[in-house]
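Have a look at the structure below before the remarks.
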Amino acid sequence: MIVNILDSKKSILNKFISEIRDVSVQKDSMRFRRNIGRVGEIIAYKISQTLTFEKNTVTTPLGTKIVDTPKNDIVLCSILRAGIPLHDGLLNYFDDAENAFISAYRKQRNDKEFDIEVEYFASPNLDNKTLILADPILATGQSLVAVFEGLKKHGTPKEIHLACVIGATEGIEYVKEHFPADTKLWIGTVDEKLNSHGYIVPGLGDAGDLAFGVKL
């Protein structure tokens, strides 16, 4: 797997990530969602630099111009519900992409152990397409792997990109073991550890709750 950690180079991304971590800023759920979307836009731009391009002739009011434009058939796939703001950011740039949505959540066996339950799939055919799988939090990596296994029945992508806002080193190592070797991971920032409940420390908390409110 090719791992791209975006905050390894200082940019405006650092501001967005600092705000989504900040407990005082997190009280503004609209700003939280917007900042997640902004990270998605930055990731989309980075992914776009790796795509296949073709030359197209554009007619302007004063003549014509040959422009290089992406030719990939892109499918954006997000994990509900936390993935929605990240999906929106990616879709702002890849606005002609097909879309897939999948539910995945932790079902606790006890205080420290859990399984990933995947219940809902809505996906187009993935054969020979560019799959961008978006999940803002890469903690243990189990959700991404469970979703990928479920997507296999919808076809075989030509290439796979994983788009995440924040992750833990342990989760990255886990997805490396379960995705094709040429998969590209694009992640805003990485923390070193998980706590005993599988949450990233210091992390940012529950992205779904922060974006949409606390669930029962």
Side-chain angles (χ1 to χ4, degrees), residues 1-8 13-14 16-23 25-26 29 32-33 35-40 42-43 76-87 89-90 101-120 131-151 160-180 183-215:
M1 180 176 289
I2 303 166
V3 178
N4 302 280
I5 302 173
L6 302 188
D7 73 346
S8 59
L13 173 76
N14 294 56
F16 303 149
I17 290 177
S18 70
E19 289 186 354
I20 63 175
R21 287 185 187 270
D22 191 320
V23 292
V25 182
Q26 286 180 349
S29 59
F32 183 86
R33 292 192 302 270
N35 280 334
I36 294 289
R38 285 167 163 168
V39 176
I42 292 171
I43 292 174
L76 300 178
C77 178
S78 292
I79 300 176
L80 301 175
R81 64 180 169 152
I84 293 174
L86 182 58
H87 189 104
L90 292 162
F101 296 94
I102 294 173
S103 71
Y105 65 93
R106 294 183 178 191
K107 187 174 182 178
Q108 297 292 149
R109 280 186 268 155
N110 51 52
D111 286 344
K112 295 183 179 181
E113 296 179 309
F114 58 87
D115 298 311
I116 301 297
E117 293 285 328
V118 178
E119 294 182 345
Y120 174 81
L131 173 64
I132 301 175
L133 182 52
D135 190 7
I137 309 295
L138 200 177
T140 65
Q142 293 181 44
S143 293
L144 279 171
V145 171
V147 167
F148 178 57
E149 290 300 317
L151 282 172
I160 301 171
H161 300 266
L162 306 181
C164 303
V165 175
I166 185 171
T169 302
E170 180 179 325
I172 292 173
E173 293 304 314
Y174 185 78
V175 296
K176 279 182 179 179
E177 296 174 4
H178 293 85
F179 278 81
T183 299
K184 296 180 178 67
L185 169 64
W186 307 85
I187 189 164
T189 191
V190 177
D191 291 344
E192 286 301 317
K193 66 178 182 177
L194 301 173
N195 65 16
S196 60
H197 298 285
Y199 292 104
I200 301 171
V201 179
L204 56 85
D206 188 304
D209 288 355
L210 290 167
F212 299 111
V214 178
K215 58 188 175 294

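- Thr169 is linked by a side chain to side chain donor-acceptor pair (under 3.5 Å) to Glu192, counting only residues two or more places apart in sequence or in another chain.
- Glu170 places no side-chain N or O within 3.5 Å of a backbone atom of Gly198 that could act as its donor or acceptor partner.
- Here Lys193 pairs with nothing under the salt bridge (Lys or Arg N to Asp or Glu O under 4.0 Å) rule; sequence neighbours left out.
- Contact annotation: the side chain of Ile166 never approaches that of Ile17 to less than 4.5 Å [non-hydrogen atoms, C-beta and beyond].
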Distance-only criterion, 3.5 Å: show the donor-acceptor pairs between side-chain atoms of residues 183-190 and protein atoms not counting sequence neighbours.
from	atom 1	to	atom 2	distance (Å)
Thr183	OG1	Pro180	O	2.9
Trp186	NE1	His161	ND1	3.0
Thr189	OG1	Asp7	OD2	2.6

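- Residues passing the salt bridge (Lys or Arg N to Asp or Glu O under 4.0 Å) test with Arg21, sequence neighbours excluded: Asp191.
- Contact record, Phe212 with Arg33: CE2-CD, 3.9 Å, taken as the closest heavy-atom pair.
- Asp22 has its side chain out of reach of Ile20: every pair of non-hydrogen atoms, C-beta onward, lies at least 4.5 Å apart.
- The shortest distance between side-chain heavy atoms of Leu133 and Phe179 falls below 4.5 Å.
- Within the 4.5 Å cutoff, the side chain of Leu144 has heavy atoms near those of the Cys164 side chain.
- Among residues two or more places apart in sequence or in another chain, the salt bridge (Lys or Arg N to Asp or Glu O under 4.0 Å) test is passed with Glu19 by Lys15, Arg31.
- Sequence neighbours left out, the pairs with a member in residues 201-211 that pass salt bridge (charged side-chain N to carboxylate O under 4.0 Å, His left out) are Arg81-Asp209, Asp206-Lys215, Asp209-Lys215.
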